[in-house]
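Given the structure is predicted, the values throughout are model-derived calculations rather than measurements.
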Amino acid sequence: MSADLSDPIFHDEDAARAWLEAELWPNGPVCPHCKVVNKATKLEGKAHRAGLYQCNNPECREQFTIAVGTLYERSKVPLHTWLAVTFLMMSSKKGMSALQISRMIGRPYKTVWFMCHRIRESFRDDAATPFGGPNSPVEADETFVGGKAKNRAFKEPAPKKAVLSLIDRDNGRVRSFHVPNVTAKTLKPLIAKNVEAASVLMTDEATVYSGIGKRFGAHHTVIHSANEYARLGSYVHINTAESFFSIVKRGITGAYHHVSEAHLHRYMLEFDYRYNTRSMRDFDRMAASVPGIVGKRLTYRRPSQEGRYQA
């Protein structure tokens with residue numbers, strides 16, 4: 001399906017609600033409390049709010065709307081605004097800042113900033129399976145996001161903005177992680193969990209990968225320090241990862257300008273999702289992300305220091 005910002009679901013609340021119900025409930029209303037499918041009555045009395053259902057399961061009988069049990073739950077922002085913000089985020093290859101979206105939709109910056117982080121949570125795949133397989137090449141590379149420590153105006157330690165990205169070259173998918181440091185102790189469990197042991201690991205000559213590569217079917221490296229970037233008919237390289245990092249850094253420099261250490265993992269979810277759906281049209285990319293809102297919540301509170309680095 002192809003659509004743009006003139007679509008009614010981005011401007012009309014009833015149209016947005018109907019579209020969401022069709023996307024999330026293709027087989028009829030699903031009670032978020034007892035998970036029973038298509039056993040609910042739509043309450044359409046004057047005293048009932050729009051889109052309200054009541055579960056007919058005798059053991060439940062709870063009321064709900066399409067927003068209950070999703071990232072949109074308890075939000076005062078209209079559903080059509082949620083969809084419009086999601087569409088705008090998905091329509092720019094390098095991302096769009098909350099401040100820019102705030103100006104475009106006429107909503108406070110603080111509100112849009114929080115909406116964007118909630119939407120990024122919808123890109124998190126809790127059921128992700130390991131990359132690669134027998135003789136399948138997987139690239140691993142790391143980068144640092146943000147300015148260099150030597151350019152800091154103050155002497156406080158520079159934020160830990162290291163990112164590890166894995167690229168499954170066979171299907172062109174990327175998976176990124178914000179890591180506290182680039183050491184073998186940090187990278188080894190992440191790579192081991194997210195890459196099948198029978199895979200062919202592709203890295204640069206960084207010493208952190210020498211021990212890690214021994215657990216895989218094969219481990220090939222390119223020597224960047226010797227100006228080597230590909231060999232054996234361009235089979236041995238990490239150019240896919242380097243290309244992905246160029247998109248990330250242009251997005252952060254040109255659109256976001258600054259991302260905090262506390263939220264970097266969410267920005268990387270966004271960059272990963274857009275890259276993995278790069279062959280889709282903008283509207284289809286937005287629509288494909290919507291099922292990810294179910295079963296996730298992101299409350300408005302200061303992020304804890306624990307659990308910052310996402311494995």
(message) Is it true that Thr186 and Thr183 share a donor-acceptor pair across their side chains at a distance under 3.5 Å?
(response) yes

(message) Check for me whether the distance between the ring centres of His224 and Tyr229 falls short of 6.0 Å.
(response) yes

(message) For residues Met280 and Ile293: do they belong to one hydrophobic cluster (side chain heavy atoms under 4.5 Å, members Ile, Leu, Val, Met, Phe, Trp, Tyr)?
(response) no

(request) Indicate whether the side chain of Thr203 and that of His219 have a donor and an acceptor atom separated by less than 3.5 Å. (result) yes

(request) Indicate yes or no: at least one non-hydrogen side-chain atom of Cys34 is less than 4.5 angstrom from one of Asn57. (result) yes

(request) Check each of Leu5, Thr86, Asp282, Asp4 against Ser91 using the side-chain contact (heavy atoms from CB on, under 4.5 Å) test, and report the only one that passes. (result) Asp282

(request) Verify the distance criterion only: is there a donor paired with an acceptor across the side chains of Tyr209 and Glu142 at less than 3.5 Å? (result) yes

(message) Salt bridge or not between Arg118 and Glu121? Use side-chain N to carboxylate O under 4.0 Å.
(response) no

(message) Go through it in stages, so that I can follow the logic: the residues are His117 and Tyr267, the test is ring-ring contact (aromatic ring centres under 6.0 Å, His included), and I'd like the CA-CA distance, side-chain angles, deciding distance and then a yes or no.
(response) CA-CA 8 Å; His117 278 311; Tyr267 285 99; 5.5 Å; yes

(request) Decide yes or no on side-chain hydrogen bond (donor to acceptor under 3.5 Å, both in side chains) for Thr240 and Glu139, but give the supporting numbers first. (result) CA-CA 8 Å; Thr240 320; Glu139 299 178 23; 2.7 Å; yes

(request) Check whether any side-chain heavy atom of Ile252 lies under 4.5 Å from a side-chain heavy atom of Val248, and answer yes or no. (result) yes

(request) May I ask you to check whether His48 and Tyr53 place their ring centers less than 6.0 Å from one another? (result) no

(request) Mind telling me whether Trp25 and Phe64 have parallel, tilted or perpendicular rings, with 30° and 60° as the class edges? (result) perpendicular

(message) Between Glu270 and Arg274 (salt bridge meaning N to carboxylate O under 4.0 Å), is one present in this structure?
(response) yes

(message) Do His220 and Tyr235 have side chains that approach each other closer than 4.5 Å (heavy atoms only, starting at C-beta)?
(response) yes

(message) Just by distance, no angles: are the side chains of Lys249 and Thr143 close enough, under 3.5 Å, to form a donor-acceptor pair?
(response) yes

(message) With a 6.0 Å cut-off on the ring centroids, do Trp113 and His263 count as close?
(response) yes

(message) Looking only at the side chains, is there a donor atom on one of Ser102 and Arg107 sitting less than 3.5 Å from an acceptor on the other?
(response) no

